[in-house]
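Structure record follows, encoded as C-alpha cells.
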Amino acid sequence: MVLTVLGSGTSHGVPVIGCSCRVCKSSDPKDSRLRCSAFVTNAGRNFLIDVGPDFRQQALRKGITSLDAVFLTHSHADHIHGIDDLRIFSHKNSRAMNEDANIKEKYPETAGEGLPIYSNLTTMNHIRQTFTYIFVDHDKGGGIPKLHFIPVEEDGKYKTVHIDATTVVPVPMIHGNRHTAGWLFISNGTDGKKHSIAYLTDCSFISDESIELVRENAFSDGGILDHLVIDALRVREHSSHNNFDQALEYADRIGAVHTWFTHMTHDLLHTEVQDYIDAHIEKHANLKKIIQDGGSVSPSYDGLELVTP
C-alpha cells in the first residue's frame with residue numbers, strides 16, 4: 001500500500017497569492033505546498049482523499065488515470081472545490097448528448113451508478129447545496145461528474161468500508177465547530193502482517209474514543225501502524241487546526257512508526273518545521289522511543305510517498 005501526499009499546504013496553499021515572505025519565495029520544492037490531499041494505491045485499486053482546487057494540477061503531476069473511490073474529510077473549499085475534475089473518472093451526459101446518437105457514441109456515459117464518494121452526511125449535504133448543477137438534469141452542454149454518494153454514517157455512528165483488499169475506517173474528529181472524518185487504511189502486507197496508514201487532517205480535537213479507534217483497528221492481531229499523517233498548521237494555536245504541539249501530543253498517543261505533519265501554513269520553512277519537531281520531541285516519551293527504535297517524526301511535502309510492506 002502506498003499513500004502519496006498530493007498536497008501538504010493550508011487553505012491558501014504555499015506560495016500564498018501576493019505574499020513575498022521567505023517561505024513563499026523559497027526555492028526549496030519542499031516549501032511549495034498545494035492544498036491538502038492524498039492518493040492511496042493498494043492491490044490495483046486507486047483511492048483519492050479530498051478533491052481540492054489544486055486537484056487537476058496534482059492529478060497531472062502524479063499521473064492519475066483512474067479512481068475507484070474518493071474519501072472526503074469535510075466540505076471546506078480547499079478540500080472539495082476540484083470536484084468537477086472528477087468528470088474525467090466518471091461522467092454523466094446531458095440530455096442533448098444522449099439524444100444525439102453520434103455524440104452519445106463518441107462520448108458514452110460512464111456505466112453504473114458513478115464514482116463512489118464516501119463521506120459523512122453533513123459533507124454530502126453541503127456538496128449538494130454548493131454544486132447543485134451536478135444533481136439536476138441538463139438540456140445542453142457537456143458532461144457533469146457522475147458521483148455515487150455513500151454515507152459512512154448510520155444512526156449517528158461511522159461504519160467501516162471494505163473495498164476488495166482494503167479496509168477503510170472513518171475516524172470522527174472535530175475541526176473548530178465542524179465534524180470531520182479522518183481515514184485509516186488497512187491492508188495485509190507482503191510479510192503476512194496487517195499494515196495501516198492513518199490520514200487525520202483538518203482537526204483541532206481528536207477524542208480519546210477516536211484515538212482508541214485508530215489504535216484498536218491498526219494494532220489488533222499484531223498489526224502495525226506504519227504511517228500517521230496529521231494536521232499540524234503552525235506553531236501558534238489556532239481555533240480549528242492542531243498546532244505543532246497538539247499534533248505531537250496526538251502522535252505520541254497514537255504511536256505510529258512514522259508521523260508526518262500536513263496542512264502547514266507559510267510560517268516556517270520545511271527545514272525549520274523539522275527543527276521545531278526535533279527541539280520538542282523530548283516532551284513526548286513514546287515518540288522519543290519510537291525514533292530511537294528507527295521511527296521518525298517529520299513534516300510531509302508534496303509528492304512524498306509513504307509505503308507499507
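A side-chain donor-acceptor contact under 3.5 Å links H238 to the backbone of S240. Between the side chain of K283 and the backbone N or O of E249 there is no donor-acceptor pair closer than 3.5 Å. Looking at D50, its side chain never comes within 3.5 Å of a backbone N or O of G52 through a donor-acceptor pair. Counting only distance, with no hydrogens or angles, the side chain of K194 and the backbone of I186 share no donor-acceptor pair below 3.5 Å. The backbone N or O of N102 lies less than 3.5 Å from a partner atom in the side chain of D100, making a donor-acceptor pair. In this structure a side-chain-to-backbone donor-acceptor pair under 3.5 Å is present from H227 to V307. Between the side chain of E153 and the backbone N or O of L121 there is at least one donor-acceptor pair closer than 3.5 Å.
Aromatic ring orientation, H263 versus H241: tilted (interplanar angle from 30° to 60°).
Look at R253 and D208 and you find a salt bridge, because one of the NZ, NE, NH1 or NH2 atoms lies within 4.0 Å of a carboxylate O, short of that distance. Looking at R33 and D31, a side-chain N of the basic residue comes within less than 4.0 Å of a carboxylate O on the acidic one, giving a salt bridge. A salt bridge is absent between R35 and D78: the closest approach of a Lys/Arg side-chain nitrogen to an acidic carboxylate oxygen does not fall below 4.0 angstrom.
Aromatic ring centres of F185 and Y199: separated by at least 6.0 Å. Aromatic ring centres of H266 and H12: separated by at least 6.0 Å.
Remark: of the listed residues F131, F135, F71, F135 is the sole one forming a ring-ring contact (aromatic ring centres under 6.0 Å, His included) with F149. Among N242, D245, L200, the one residue that satisfies the side-chain contact (heavy atoms from CB on, under 4.5 Å) test with Y250 is N242.
In this model, a donor atom of one side chain and an acceptor atom of the other lie less than 3.5 Å apart for S187 and N42. A donor-acceptor pair shorter than 3.5 Å cannot be found between the side chains of H284 and N286. D302 and S8 are linked by a side-chain donor-acceptor pair at a separation below 3.5 angstrom, with hydrogens and angles left out of the test. H258 and S296 share a side-chain donor-acceptor pair at under 3.5 Å. Checked by atom type, the side-chain pair D202/H76 shows no donor-acceptor distance below 3.5 Å.
The CG atom of D231 sits 10.0 Å away from atom CE of M264, with the distance rounded to the nearest 0.5 Å. Between the CD1 atom of I88 and the CZ atom of F55 there is a distance of 9.5 Å, given to the nearest 0.5 Å.
More than 12 heavy atoms of other residues, nucleotides or ligands shown are found within 6.0 angstrom of CZ on R22. Applying the 6.0 Å contact sphere to CD of Q292 captures more than 12 heavy atoms from other residues, nucleotides or ligands.
There is no path of hydrophobic side-chain contacts, each under 4.5 Å, that joins I64 to I49.
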